[in-house]
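Working notes, beginning with the structure itself.
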Amino acid sequence: MNHALPADARDRLYAACAHAITEAGPAREALFLARLALLLMEQVGDEARCRQALAEALHALPVPSLSSNEDGD
């Protein structure tokens, strides 16, 4: 079963996610992302698929660009 989102929905959700991460702030960013991931995994309801998604998310994870600010300034 294919659960892929249409490109326009994916773009809107990406923007909403980025906004929510910004709203959570640097101190709570990791906690927010872990909580979001867990809530979405509960929607999927399949541990094997969730573990596969975790592995895929880590695979070839890009290095932050030089334009990103690691100090949070």
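Reckoned from all heavy atoms, side chains included, excluding hydrogens, waters and symmetry mates.
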With Arg12 via side-chain contact (heavy atoms from CB on, under 4.5 Å) - residues at least two apart |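 Per chain and number, Arg12 pairs via side-chain contact (heavy atoms from CB on, under 4.5 Å) with Asp8, Ala9.
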For Pro62, the side-chain contact (heavy atoms from CB on, under 4.5 Å) test, sequence neighbours excluded, returns none
Nearest heavy-atom approach of Arg28 to Glu23 is NH2-O, 4.2 Å
Which hydrophobic side chains are connected to Leu31, either touching it within the sub-4.5 Å cutoff or through other members that do?
-> none
Distance from His19 atom NE2 to Ile21 atom CD1, nearest 0.5 Å?
-> 11.0 Å
When rounded to the nearest 0.5 angstrom, what is the spacing between SG in Cys17 and CG in Leu13?
-> 8.5 Å
Residues forming a side-chain hydrogen bond (donor to acceptor under 3.5 Å, both in side chains) with Glu29, sequence neighbours excluded =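 By the side-chain hydrogen bond (donor to acceptor under 3.5 Å, both in side chains) rule, Glu29 matches no residue at all.
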Do any side-chain atoms of residues 32-43 form donor-acceptor pairs under 3.5 angstrom with protein atoms, and if so which ones, sequence neighbours left out?
none

Pairs flagged by salt bridge (Lys or Arg N to Asp or Glu O under 4.0 Å) wherever residues 50-61 is involved - sequence neighbours left out | Glu47-Arg51
